[in-house]
Structures are given as structure tokens and as C-alpha cells.
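Note that these values count all heavy atoms, side chains included, but never hydrogens, waters or copies made by symmetry. Computed from a predicted model, the values in this text were never measured in an experiment.
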Amino acid sequence: GIDLNTMIGKDLDDPAWDNILNNLSYEEMNAYLSGNSRKMNALKGIGKLQEVDNDGPAQLKGGSKGSGVAWVSEVNVASTYNKELARRQGIMVGNDGLFVGVNGWYGPATDTHRSPLSGRNFEYYSQDGVQGGKIAAEVIKGVQSKGMHVYLKHFALNDQETNRGGICTWSNEQAIREIYLKPFEMAVKEGGATGVMTAVNFLGGTEWCGAST
């Protein structure tokens with residue numbers, strides 16, 4: 001009688017969540033949290049099916065029925081300054097998910113251009129955090145209107161591709177808050193994003209960017 005689908009739309013502090021969680025065994029939780037690359041494991045005890053996630057951000061690279069449409073880069077989308085067009089693109093990415101059998105999108109990429117030499121600039125919307133955030137929020141609204149969840153990436157301040165797992169990214173708190181974290185904040189508050197993919201760099205000398213500070 002326990003079904004996760006009955007929780008859709010309920011508040012996070014709804015006491016019914018306790019009933020859901022109390023019906024999960026340690027073994028189920030361990031299996032769920034292990035080996036989730038490109039998928040979200042099933043939880044049969046509460047009626048949760050396995051979900052398929054796939055990479056982006058320019059397209060869904062593959063599902064059970066092939067790949068999605070190869071869209072233009074995010075720089076092109078942001079250059080339109082057109083929120084309605086961005087939402088329509090998000091709707092089409094959501095349609096792609098329905099067509100190719102993908103439930104979650106590793107995108108959109110919402111870092112801010114910090115250097116023209118960054119190996120991922122083509123994946124990021126803008127050198128302006130507010131512009132990037134506004135466009136990302138609309139894309140996300142479109143995607144999630146089709147039932148797909150998103151993973152904003154790469155959180156945060158992903159600067160380069162070479163040695164990106166060992167680099168220390170330096171900035172000050174004001175710039176980080178006002179520029180580099182701004183599109184992530186707007187994507188969640190305005191777009192309703194439901195997931196995040198972390199980067200692998202360090203902020204400053206010691207703090208991994210995915211750690212809680």
C-alpha cells in the first residue's frame with residue numbers, strides 16, 4: 001500500500017514522507033545510492049521504477065530508442081535574449097526524453113564564462129550570470145513540463161577542461177555570489193530545477209566545490 005507516486009506535489013514537511021522512508025530497508029537504500037551513473041535505481045518497496053538519465057546539454061546523447069535532436073549550443077540560445085524561445089527549446093528537449101526513453105537530463109549547464117580559454121564555454125549560456133540564469137530557468141520550465149528532471153551543471157566555477165579534477169579556482173565571495181552562483185540560484189528559484197551535478201574542482205585551496213560550506 002506504499003506508493004511513492006502518491007507523494008507528487010506534497011510538501012517536503014508532510015508527515016507522509018516518514019511513512020515512505022520507514023518502508024525502505026538499509027539494503028534498498030544502499031543499492032539505490034550505489035551505481036547510479038546514467039540512471040536512478042528502482043525502489044520496489046515503495047513503487048519507484050528505475051529511471052534513465054542521460055547527458056547533454058546540447059542534446060540527449062542516447063536512450064533506449066536512440067539519441068535526441070542535436071540542438072545549437074547554449075551560447076546561441078542565450079544570444080537570442082528570448083525567454084519564450086528558451087522555454088520552447090526546453091519543451092522539445094522534454095519531448096526528446098519521451099521519444100527516446102530518458103527521464104533525467106544532465107543539463108542545462110549553467111556556469112558563467114570566466115575565460116575565453118575554458119573548454120566548456122560552448123556548454124554555458126553567458127558571461128553574465130543574470131542573463132544565463134533567466135535563460136536557464138525558462139529551459140528548465142520547458143523540460144520539466146514534460147515530466148523530465150534536470151541536473152544543473154557543473155556546480156560550481158568550472159573553469160577549464162584540462163586537469164579540471166585538480167584545479168583550484170580562486171575568486172572572492174562577492175563575485176561568487178553575484179556572478180558565478182547567480183545562474184544556479186535563478187535556475188532553482190525561478191526555474192524550479194530539481195537536481196544538480198557537481199564539478200570536480202576546488203574553490204580556493206582546500207574546499208571541494210560540491211562540499212557544503
Residue pair P57 / A109: nearest heavy atoms and the distance that separates them: CB-N, 4.0 Å

Which value, rounded to the nearest 0.5 Å, describes the distance between Q131 atom CD and S79 atom OG? 7.0 Å

Looking at every non-hydrogen atom in both residues, tell me the closest pair between K48 and N41 and how far apart they are. NZ-O, 3.0 Å

Just to verify, what does K189 make a side-chain contact (heavy atoms from CB on, under 4.5 Å) with, not counting sequence neighbours? E185

Side chains of I140 and E190: does their closest heavy-atom pair fall under 4.5 Å? no

Mark yes or no for whether N19, through its side chain, and P15, through its backbone, hold a donor-acceptor pair below 3.5 Å. no

Okay, side chain of D96, backbone of V69: is any donor-acceptor separation there less than 3.5 Å? yes

Taken to the nearest 0.5 Å, the spacing of Y180 OH from N158 CG works out to 13.0 Å

N76 and S73: side-chain donor and acceptor closer than 3.5 Å? yes

Walk me through whether K134 and D128 qualify under salt bridge (Lys or Arg N to Asp or Glu O under 4.0 Å). CA-CA 10 Å; K134 289 289 186 183; D128 182 273; over 6 Å; no

When rounded to the nearest 0.5 Å, the distance separating CG of L4 from CG of L49 is 9.5 Å

NE2/H113 to CD/E123 distance, rounded to the nearest 0.5 angstrom? 10.0 Å

Determine whether I135 and Y81 satisfy the following criterion, side chain to side chain contact (heavy atoms under 4.5 Å, CB included), listing intermediate values before the conclusion. CA-CA 8 Å; I135 296 295; Y81 288 81; 6.0 Å; no

Apply side chain to side chain contact (heavy atoms under 4.5 Å, CB included) to the pair L157 and C209, showing each step before the final yes or no. CA-CA 8 Å; L157 281 81; C209 65; over 6 Å; no

